[in-house]
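Order of listing sets the numbers, starting from 1, for every ligand and every atom in it.
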Amino acid sequence: MRLQRYEICALPGDGIGPEIMRVALDVLHAVGRKHDIEFACTEALIGGCAIDACGCALPEATLDLARSADAVLLGAVGGPRWDTVDPDKPRPEDGLLGMRKELGLYANLRPVRVYDALVDASPLKPDAVRGCDILIVRELTGGLYFGEHKTIEGVAGAGVGAAMGAHAHDIMEYDEYEIERIARRAFEAATIRQGKVTSVDKANVLDTGRLWRKVVHRVAAEYPDIEIVDMLVDNCAMQLIMNPGQFDVILTENTFGDILSDEASVLAGSLGLLASASLGDGTSLFEPCHGSAPDIAGKNIANPLAQVLSAAMMLAHGLDLDEAASDVTRAVDAVLADGWRTADIAQDTTDAAHVLGTREMGERIVACIEEER
Ligand code: NAD
């Protein structure tokens with residue numbers, strides 16, 4: 001008889017999504033067996049596969065399932081098959097943006113941790129990345145991605161040589177309350193970390209940046225023990241490579257956070273290692289930072305660790321199952337410390353017998369959780 005039961009909405013999506021989701025669900029069930037917890041996982045469509053089946057990237061049935069679940073675990077969406085420049089055609093990303101909006105997921109937490117066992121997997125010097133442990137707190141439902149997007153054909157003077165041409169715009173907007181609530185998340189996170197928040201903006205050029213800075217400092221005043229540093233986004237892009245050890249929590253808006261977190265993945269050695277949590281005031285969503293990696297889909301070579309670590313974040317942040325979450329992260333640590341690698345984090349010096357496929361990496365993690373029993 002299981003003591004606890006949680007409803008999980010599992011959305012594998014496209015590309016490598018189904019392969020890495022399979023691994024994450026196996027890991028979840030393994031940790032569930034250990035702690036007498038039942039994870040009732042129901043799968044649904046999102047992204048390109050939903051467009052194929054239902055004509056839209058976020059079917060109502062998927063949204064209903066997500067709303068009624070205790071947490072949502074997502075793989076990745078998209079791929080060349082659904083790429084289009086026609087603004088009237090559905091795109092896989094609409095599914096993701098729609099889900100974030102409908103669930104009110106305004107806070108995206110993206111930990112970037114450099115594993116001791118993988119310092120050499122980073123293209124940066126080992127001394128520069130050793131010990132790096134950064135939490136990127138990205139605003140997720142405002143800014144450029146959620147402002148008005150418009151393309152107008154045949155505008156006088158918009159073409160070459162003042163001829164008729166196309167005009168496009170994307171509007172970046174922020175309300176004070178949106179900045180305040182994400183800032184508070186960042187300062188709260190810093191209180192249980194190293195006690196430093198670097199707030200990244202473009203206050204020298206953008207009005208949204210100036211409002212960002214003003215509101216962040218107002219929130220900072222409530223946290224006198226937390227150090228606050230302002231940094232312009234272009235400088236931050238450079239500092240992340242030059243001196244990543246200076247960062248603890250990076251607080252930033254939607255678009256900057258999207259770009260900086262991909263850049264920061266280089267510190268860890270691969271996008272395939274980076275998990276994320278998207279939180280609001282209700283059901284939360286957990287997903288890897290990477291996309292659907294169509295170039296390696298179906299080959300059993302994708303790194304499933306970002307998806308597995310997203311499941312661990314779900315256990316900790318979405319379900320308050322801290323012990324179960326630690327079991328998963330400990331198993332990942334142990335497997336990496338034992339030298340097991342997927343192709344993306346293998347090196348010239350890695351013994352070929354230690355390079356595992358997606359499924360086999362999952363089996364190692366499950367075995368490790370079961371051994372700890
Ligand atoms: P991507 O993150 O899918 O891939 C970038 C590179 O990283 C590729 O070389 C890929 O093989 C590699 N990679 C990514 N995840 C990996 C993993 N787990 N293991 C090993 N290698 C991995 O980004 P992209 O190529 O720019 O985009 C591909 C598709 O994904 C596009 O359709 C894009 O719109 C979509 N996308 C989706 C999300 C999401 O679902 N959250 C995020 C970003 C991009």
* **Row check, Tyr106 ring normal vs Arg181 NZ/CZ: under 6.0 Å, within 45°** =>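 Satisfied, under 6.0 Å and within 45°.
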In the single-linkage hydrophobic clustering (I, L, V, M, F, W, Y; side-chain heavy atoms under 4.5 Å), do [X] and [Y] co-cluster?
X	Y	value
Leu309	Val31	yes
Met231	Leu240	yes
Phe286	Leu96	no

For [X], atoms of ligand 1 separated by under 4.0 Å from a heavy atom:
X	result
Ala76	40 (O)
Gly291	1 (P), 2 (O), 3 (O), 30 (O), 36 (N), 37 (C), 38 (C), 42 (C), 43 (C), 44 (C)
Gly79	32 (O)
Glu287	41 (N)
Gly78	32 (O)
Gly272	17 (C), 18 (N)

Which residue owns the protein heavy atom closest to [atom], what's the atom, and how far is it?
atom	value
atom 3 (O) of ligand 1	Ala293 N, 2.8 Å
atom 5 (C) of ligand 1	Leu271 CD1, 4.1 Å
atom 29 (C) of ligand 1	Ser292 OG, 3.3 Å
atom 15 (N) of ligand 1	His290 CG, 3.2 Å
atom 10 (C) of ligand 1	Asp295 OD1, 3.5 Å
atom 18 (N) of ligand 1	Asn303 O, 3.0 Å
atom 21 (N) of ligand 1	Ile296 CD1, 3.5 Å
atom 34 (O) of ligand 1	Glu93 OE2, 2.5 Å

* Are side-chain N/O atoms of Thr342 and Asn303 paired as donor and acceptor at under 3.5 Å? ->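 Indeed, the side chains of Thr342 and Asn303 share at least one donor-acceptor pair under 3.5 Å.
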* Is a side-chain donor or acceptor of Asp201 paired with a backbone partner of Trp212 at a separation under 3.5 angstrom? ->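 Checking the backbone N and O of Trp212 against the side chain of Asp201, no donor-acceptor pair under 3.5 Å is found.
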* Asked: Does ligand 1 have an atom under 4.0 Å from some heavy atom of Ala306?
  ->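 Judged by the 4.0 Å heavy-atom criterion, Ala306 does not count as contacting ligand 1.
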Taking [atom] as the reference point, report whether a protein heavy atom occurs under 4.0 Å from it.
atom	answer
atom 26 (O) of ligand 1	no
atom 8 (C) of ligand 1	yes
atom 1 (P) of ligand 1	yes

* Can a salt bridge be assigned to the pair Arg113 and Asp133 using a cut-off of 4.0 Å between side-chain N and carboxylate O? ->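 Result for this pair is no, no salt bridge flagged.
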* Asked: Is it true that atom CZ of Arg359 has more than 12 heavy atoms of other residues, nucleotides or ligands lying nearer than 6.0 Å?
  ->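 Open.
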* Residues, nucleotides or ligands: over 12 heavy atoms within 6.0 Å of Gln194 CD ->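 Open.
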* Selection from Pro80, Gly47, Gly13, Pro294 by shortest heavy-atom distance to atom 28 (C) of ligand 1 ->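 Going through Pro80, Gly47, Gly13, Pro294 one by one, Pro294 has the nearest heavy atom to atom 28 (C) of ligand 1.
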* To do: Compare Leu96, Leu11, Thr358 and give the one whose heavy atom is closest to atom 39 (C) of ligand 1.
  =>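 The residue whose heavy atom sits nearest atom 39 (C) of ligand 1 is Leu96.
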* Can you tell me how far CD of Glu287 sits from OG of Ser310, rounded to the nearest 0.5 angstrom? ->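 If I round to the nearest 0.5 Å, the distance is 7.5 Å.
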* Quick one: CG on Asp14 to CD1 on Ile46, what's the gap to the nearest 0.5 Å? ->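 Separation between the atoms: 9.0 Å.
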* Report yes if some heavy atom in the side chain of His169 is under 4.5 Å from a heavy atom in the side chain of His149; otherwise report no. =>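 They are not in contact (no side-chain heavy atoms under 4.5 Å apart), so the answer is no.
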* **Any side-chain heavy-atom pair of Leu319 and Asp70 under 4.5 Å** =>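 Sidechains of Asp70 and Leu319: in contact.
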* Asked: Heavy-atom contacts under 4.0 Å between Ile16 and ligand 1: side chain, backbone, both, or neither?
  ->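 Only the side chain of Ile16 comes within reach of ligand 1.
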* Can you find an N/O atom of Val77 closer than 3.5 Å to an N/O atom of ligand 1? ->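 Yes, at least one N or O pair falls under 3.5 Å.
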